[in-house]
There are 2 protein chains.
Amino acid sequence: MEPPKRRRSATRARLLEGALEVFAERGFHGASVEDICDRAGFTRGAFYSNFGSKDELVLALFQATTDRLLEQIGALLPDLANQPGTLLDAVLGLLDEAALDQRQWHLISTEFTLHALRSPEAAEALNRQRGMFRDQLTRLVEEITAAGDLQLSVPPEQFVRLVIALHEGARSQTLLEPAAVPAGSLERTFLPMVLNAVSRRQV
Amino acid sequence: MEPPKRRRSATRARLLEGALEVFAERGFHGASVEDICDRAGFTRGAFYSNFGSKDELVLALFQATTDRLLEQIGALLPDLANQPGTLLDAVLGLLDEAALDQRQWHLISTEFTLHALRSPEAAEALNRQRGMFRDQLTRLVEEITAAGDLQLSVPPEQFVRLVIALHEGARSQTLLEPAAVPAGSLERTFLPMVLNAVSRRQV
DNA sequence: ACAGTAGGATACAGTTCTGTATTGAATACA
DNA sequence: TGTATTCAATACAGAACTGTATCCTACTGT
């Protein structure tokens, strides 16, 4: 059989994976530890051998997902910055890449956000993650504007916050009414207007 | 004592009120029926005499809150439309009035949205409510633009969807980082730009 | 080959929750 | 005044879930 270290971390990974799926399907409280173990093909013995509690699992899950996400983005960033296309395409492209499965990711991250609004510990973890993500996006914006001799009349971070807020709000509407709000439609309709308003040629 | 009909509906109301608070504090699954009854000052006997189950309560709660909300807005609408001030002030004002307690309302409505993304029945109820709310806002926009000899280059409903998406996304950021994102700051920074871009004097 | 160990399965105790059935009190009405 | 009814409290049965304690199996190193 596999070496024990490898086996252990594989078990951990499968449990995290199962948790991601089950949380997306039933929500955090709606998912029992046993549900998660079943999905991963283990029993609760494996679970409690790897995690102290369900709360601990959530934080670990969020950390793991976050790490993977930021890594993917980091690899993607240079490409986006150097490719032809507008600033907007790059930013929205990054946002879309960020979510492997839009629906699943929306469910998970929204629920974790709710959790964070009630738990300072989770809030700190979430804000750290969002901060890093926002920084990546901000860097992307800065690079592209610099390369295009473009200057923004608002701080890039402020613009990024706008894009994120709009994107998240729009995604919610899209998931609720796919027919009425095609994915990305609100962003592509209105963001160019904002971008146009805050852009000015560099001196 | 009170007449029984009155007493019954008062009990129901107090249970709904308690549910609102407890759901906001602990989330839907985190709140037990008994928690809700305790908060309302009853026991589970009163609960099951008034509601068939927790699921039924949620729908009733959402309905009740929605009704009250729409009623308030309906009363508010003529004032907003006829008062001096910009279109933006009116729309944002309405959105803020809509939420008695921003934080509590955000928690409840977000969680119900998550619920709706997994339950078609809840989705229908939610979309109906959101539709009515959106219609109210759209009517407000139409009235104000007409009164101001203003025309929008996008359908009013589309603009309203934008405002709602941005508002909800921004509210999330505000609740997570009150210091970094003061309430309404994103809206007041960027919506004027959009409004300017889509506005044109009427012929 | 064998003792030691790690990882995961199984069995179990304790808690918590939901939902029902019964009971008691207070009001309406005759 | 007495009877019927309504509403909520209480008692209870059953289910589900968590976390622990123990056991089993398969790999490790000697």
Side-chain angles (χ1 to χ4, degrees), chain A residues 1-62 64 111-112 115 118-119 121-122, chain B residues 1-62 64 111-112 115 118-119 121-122:
Chain A
M1 246 206 183
E2 285 173 305
K5 285 293 167 61
R6 191 160 298 239
R7 172 150 155 252
R8 185 173 183 75
S9 74
T11 301
R12 220 183 122 91
R14 277 172 63 192
L15 283 171
L16 287 171
E17 203 178 328
L20 194 74
E21 292 176 18
V22 179
F23 283 155
E25 286 172 17
R26 311 191 193 176
F28 172 67
H29 285 284
S32 73
V33 172
E34 190 151 19
D35 289 336
I36 295 167
C37 298
D38 283 354
R39 179 64 57 100
F42 293 99
T43 63
R44 286 207 314 288
F47 181 90
Y48 284 105
S49 162
N50 280 279
F51 303 96
S53 67
K54 206 163 88 167
D55 281 346
E56 194 180 308
L57 166 77
V58 183
L59 272 185
L61 174 62
F62 186 74
E111 182 152 27
F112 193 80
H115 178 53
R118 299 184 182 109
S119 148
E121 189 187 359
Chain B
M1 244 206 185
E2 286 173 305
K5 282 294 167 59
R6 189 159 301 236
R7 173 152 150 249
R8 184 172 183 76
S9 74
T11 301
R12 218 183 124 90
R14 277 172 62 193
L15 283 171
L16 287 171
E17 204 179 326
L20 194 75
E21 292 175 18
V22 178
F23 283 156
E25 286 171 18
R26 313 192 192 176
F28 172 66
H29 284 285
S32 73
V33 172
E34 190 151 19
D35 289 337
I36 296 168
C37 297
D38 283 355
R39 178 65 57 103
F42 293 100
T43 65
R44 285 207 313 288
F47 181 90
Y48 284 105
S49 160
N50 280 280
F51 303 96
S53 66
K54 206 162 89 168
D55 281 347
E56 194 179 309
L57 165 77
V58 182
L59 272 185
L61 173 62
F62 186 75
E111 182 151 28
F112 193 81
H115 179 53
R118 299 183 182 111
S119 147
E121 189 187 0

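Chain naming here is simple, since letters A, B, ... match the order of the sequence lines and numbering starts at 1 in each. Both backbone and side-chain heavy atoms feed into the values below; hydrogens, waters and symmetry mates do not.
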| request: Return the nearest nucleotide to the side chain of B:Tyr48; candidates are D:dC7, D:dG19, C:dT20. | output: C:dT20

| Interatomic distance where NZ belongs to B:Lys54 and C1' belongs to C:dG19 [whole Å] | 13 Å

| Does the base of C:dG8 carry an N or O that pairs as donor and acceptor with the side chain of A:Arg44 under 3.5 Å? | no

| said: If you count heavy atoms of other groups shown closer than 6.0 angstrom to CD of A:Glu121, is the number above 12? | reply: no

| remark: Note: for B:Ala46 and A:Glu34 on DNA chain D, the residue whose nearest nucleotide lies more 5' is B:Ala46

| message | Measure CG/B:Leu57 against P/C:dG19 and give the value in whole Å, please. | response | 11 Å

| query | How long is the line joining CZ of B:Phe47 and C1' of D:dC7, in whole Å? | reply | 16 Å

| Which pair of non-hydrogen atoms, one from B:Leu61 and one from B:Leu16, has the smallest distance, and what is that distance? | CD1-O, 3.5 Å

| Any B:Asn50 side-chain N or O less than 4.0 Å from OP1/OP2 of D:dA8 | yes

| request: Report which part of the nucleic acid A:Ser32 touches: base, sugar-phosphate, or nothing (heavy-atom distance under 4.0 Å, all strands). | output: sugar-phosphate

| query | Is there a donor-acceptor pair under 3.5 Å between the side chain of A:Glu21 and the backbone N or O of A:Arg39? | reply | no

| field | Spacing between B:Phe28 atom CZ and C:dC17 atom C1', to the nearest angstrom | value | 13 Å

| With a non-hydrogen cut-off below 4.0 angstrom, is A:Phe42 in contact with a base, only sugar-phosphate, or nothing? | sugar-phosphate

| field | Test log, rule side chain to side chain contact (heavy atoms under 4.5 Å, CB included), inputs B:Leu57 and B:Ile36 | value | CA-CA 11 Å; B:Leu57 165 77; B:Ile36 296 168; 3.8 Å; yes

| Any side-chain N or O of B:Ser49 under 4.0 Å from OP1/OP2 of D:dA8? | yes

| task | Please report, rounded to the nearest Å, how far the P atom of C:dT20 is from the CZ atom of B:Phe51. | result | 16 Å

